[in-house]
Amino acid sequence: MSLTSPLFFAFLAGVILAYHISESVPYRRLVLGFGNAIFIASYLTDYIQILPLLAFLLLGYACVSILSVWKSSLALGLAVLGVLACYVFLKRFSFFDDLGRLPFPYLTIGLSYILFRILHIMVDVHSGDLEERIGPTAFFRYTCNFLCFVSGPIQRYQDFRAADGIAVVKLDADTVFRAFSRVVAGYAKFVIIAAVAEYAFSFLKPQLFQAGDPSFARLCMLYAAAASLYTVYLYYNFSGYMDIVLGSGVLLGQALPENFDKPFSARSFLEFWQRWHMTLSQWFKFYLFNPLVMLLMSCFPAPALTAYLGVFAFFVTFLVMGVWHGTTAVFVVYGLLMGAGASINKLWQVACAERLGKKRYRTMTETLGYVYFARGVTISYFVLALTCLWTPELSDFTRLIGRLGPAGISAAFAGIAFAFGLFWWLADRVAPRLTAPAFLATARDSLVGRNLTLASQMMVIVAVTALLHKSPDFVYKAF
Amino acid sequence: MRYILRQAALTFASFAFLYVLIGGLSYLVFPDPSHGGPRDFQVAERTLFMTVPKYVFLGRSVLDTPDSKVLIVGASNTAVGFIQKLIQPKLACAKVSNLAMGGANISEVAQVIDLVRETQSRPSAAPNTFVIGVWYGMFADSDIRFADPDRNRGESDLDIEKYRYGFYRRTANGPVAVLPSKWLDAGVMAIRPLLLVEKAAREARTGVNLLLTGRRSAQRTEVEREAAVMSEQDKKKALEYWQESMGFKRGISETQFNLLSSTVASLLDSGERVVLVDLPIPSWHRDASPYQLGYEQKLQELSGQFKERSNFISISMGDLDGDLDYSDEVHAKRHLANIWSDRLAGILSSFACREKTNKPKVSSRAPEQATAASSDH
């Protein structure tokens with residue numbers, strides 16, 4: 001069920017109406033459970049396609065059940081390995097082609113996020129953070145919540161359980177209007193900004209691979225423009241999707257966690273990942289980075305090494321997070337770039353703090369030049385690393401990198417960093433001055449004004465959807 | 001629940017109000033263009049419909065009239081070469097419409113013909129004379145021709161228009177109508193607000209172009225086309241382009257030829273007239289292209305197949321092949337387009353304006369010859 005299809009609107013309206021008919025918790029849980037089943041079924045053309053997903057869920061549930069009675073580290077290790085092996089097999093990672101594959105097409109959408117949820121429950125059950133015995137229907141509603149099914153956000157089970165069939169968000173006229181506005185804003189991001197960026201990107205990308213001998217400057221500019229457009233597309237596609245999900249969640253009384261917090265204003269790579277796909281970053285922090293740091297510190301207890309162990313742990317965490325994004329060899333490169341970005345950033349922080357002292361380092365990071373330079377460099381690094389996502393075949397990736405060469409990549413890096421730095425410098429100066437006159441603000445905020453504003457956005461969304469004619473797809477669905 | 005229902009009602013009412021308001025505005029700015037009889041679809045840019053494919057798809061109901069009609073179909077060289085304004089005054093017996101579309105292959109031409117016939121009631125269809133302009137570049141399969149990144153592979157511009165507003169739905173076997181063609185005008189009325197917003201977006205883009213480049217669009221003006229002379233490098237690039245666009249190294253698509261044959265046969269069987277025009281290209285292009293020879297042979301076979309039919313005529317304008325008369329490898333300059341148009345008008349006045357006869361028509365080079373051929377029988 002595509003997010004932009006009339007079917008999805010009808011489905012969503014149906015679930016919201018059915019949910020609010022009664023305040024009975026069992027009834028609401030039933031509605032959500034059915035909603036999840038219908039949503040997943042909409043992706044199927046044959047019942048057999050659901051069987052691998054069902055098997056994966058059953059395996060996950062069995063592991064959680066075993067761990068709730070047998071809380072040993074061995075059991076946890078075996079369960080994690082078993083679930084990961086099953087995931088890798090079903091996801092058809094190209095490095096594990098020798099494992100073979102199932103001889104029929106099947107549903108893989110949502111598998112990655114189900115994996116995160118299952119691993120989280122297993123670890124929390126084992127550690128005792130989650131003592132409640134989870135029933136199969138609650139397990140299904142949590143792992144397959146239709147709002148978060150395709151690409152998160154990754155909600156903790158404890159938070160989910162608190163709102164499972166219980167409206168934790170109190171609905172009033174203002175809250176409901178903000179929820180509607182958020183959904184509409186999400187669609188605007190999704191079908192206007194992201195779709196237009198994708199449209200422009202799809203015209204530039206083939207030119208990078210075209211035969212011929214373009215000038216160095218043209219090639220660098222083409223690459224910088226294509227890579228930047230892809231990043232704009234990715235961000236607005238994903239954050240638009242999140243706005244739709246979170247706004248819809250409010251109408252179902254759910255307070256789902258935020259996934260983005262102005263990532264392009266980040267001043268460092270590590271800060272960037274605290275603002276981008278936040279629930280994924282937090283998951284990796286809790287379930288990979290923290291345990292890894294603890295393990296390393298227990299192996300190398302010298303205090304002088306602590307900061308450097310952190311650097312290594314960052315490298316490993318971001319490497320794994322990067323590799324998770326895809327199933328081909330290019331995503332290993334992406335993981336290495338993510339790992340390198342995070343660890344170099346950490347090393348820089350450690351080195352500056354050691355050399356300048358924490359106070360002087362902090363003062364330096366607050367200077368105007370440093371702020372915009374750091375923002376530009378951070379975004380530029382991320383933009384270039386994302387090349388792996390739009391050239392998923394290693395041969396294309398190496399061809400492109402070979403064509404650009406070190407000089408081309410450096411020039412594109414510098415150009416993007418300068419453009420983003422300058423953009424932010426200008427935006428920070430212009431934005432505060434853009435305030436509507438009082439009478440306009442009053443008219444806009446009136447009941448009629450704000451609803452007409454909402455309707456205007458919807459009108460533009462419908463018109464742009466018709467104009468671009470090819471329904472945009474949700475990019476993170478593939479990850 | 002009541003807050004949700006209240007907000008849903010408010011949102012719906014606001015949207016409906018805005019929609020109706022913009023719809024009303026569209027009638028003020030662009031009074032209903034779907035009435036008033038056949039017209040030149042090449043002026044789409046000046047209408048609410050903006051592009052030729054959209055104009056043909058959404059505005060084709062104007063062709064459902066009992067008048068005799070000459071409907072010119074083909075690709076961009078047909079669009080620029082046969083000027084409706086020049087042909088119409090010379091053809092008192094019929095209303096002329098040019099429905100040719102840039103980039104069209106035979107499949108898309110067949111789609112245009114089907115769409116027109118689908119809209120017309122039977123008494124309206126009978127007086128149709130279809131002028132089909134062809135050249136070798138149109139005989140490429142849709143999978144090759146329509147492979148841009150912004151479309152689903154193989155979908156023509158007309159397919160895009162079919163799906164764009166939900167008038168058709170996509171199936172494994174191609175587009176299936178959701179809105180019956182008799183409801184076309186009602187459907188167009190319902191989407192007028194969207195068309196106006198799109199139009200505004202396009203005009204805004206044109207304004208930006210004008211501001212940044214001093215031009216409305218990247219397309220050359222007639223004056224620039226008239227002055228254009230192709231360099232050897234341009235010619236080489238053009239040949240390479242067509243090598244890439246055809247999908248075959250030498251021959252042309254058999255499927256496209258068969259489709260042209262069945263389309264012509266279907267038109268003739270239903271009593272409509274067909275003028276098949278073998279469009280000229282500059283001599284350097286004709287001589288250098290690896291496709292031209294095969295195309296000519298196939299076209300001759302096809303003309304031979306129908307030559308006994310009284311409602312069929314095929315013409316060639318191969319003598320109009322002067323290199324300097326073309327602005328590129330395909331498109332006639334304005335002064336040549338005037339000659340093309342005159343020549344077509346001459347042939348049509350003796351073919352489309354005559355009463356039905358049983359006499360077959362054969363290919364001719366010029367109107368005088370076509371007339372002569374007709375009088376021989």
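Since this is a predicted model, take the numbers as computed values, not measurements.
- Counting only distance, with no hydrogens or angles, the side chain of B:Y19 and the backbone of B:A190 share a donor-acceptor pair below 3.5 Å.
- The pair B:E232-B:K236 does not count as a salt bridge, with every side-chain nitrogen at least 4.0 angstrom from each carboxylate oxygen.
- Heavy-atom pairs under 4.5 Å with chain A peak, among B:E198, B:M50, B:Q7, at B:Q7.
- With a 4.5 Å cut-off on non-hydrogen atoms, A:F177 touches chain B through its backbone and its side chain both.
- Proximity to chain B involves both the backbone and the side chain of A:S456, based on heavy atoms less than 4.5 angstrom apart.
- Per-residue counts of heavy-atom pairs under 4.5 Å with chain A were compared for B:I160, B:L5, B:L196; the largest is that of B:I160.
- Looking at B:Y165, only its side chain comes within 4.5 Å of chain A, counting heavy atoms on both sides.
- Contacts of A:L452 with chain B are made by both backbone and side-chain atoms, with heavy-atom separations under 4.5 Å.
- Looking at B:A8, both its backbone and its side chain come within 4.5 Å of chain A, counting heavy atoms on both sides.
- Using a 4.0 Å cut-off between charged nitrogen and carboxylate oxygen, B:E118 and B:R60 count as a salt-bridge pair.
- Using a 4.5 Å cut-off between heavy atoms, B:F12 makes no contact with chain A at all.
- When only modelled atom types and interatomic distance are considered, A:T387 and A:Y223 share a side-chain donor-acceptor pair under 3.5 Å.
- Heavy atoms closer than 4.5 Å to chain B are found in the side chain of A:L447, but not in its backbone.
- Between B:D328 and B:K237, none of the side-chain N atoms (NZ, or NE/NH1/NH2) sits under 4.0 Å from a carboxylate O, so this pair counts as no salt bridge.
- Within the cation-pi definition used here (under 6.0 Å to the ring centroid, within 45° of the axis), A:R399 does not qualify as a partner of A:F209.
- B:R202 CZ: more than 12 foreign heavy atoms inside a 6.0 Å radius.
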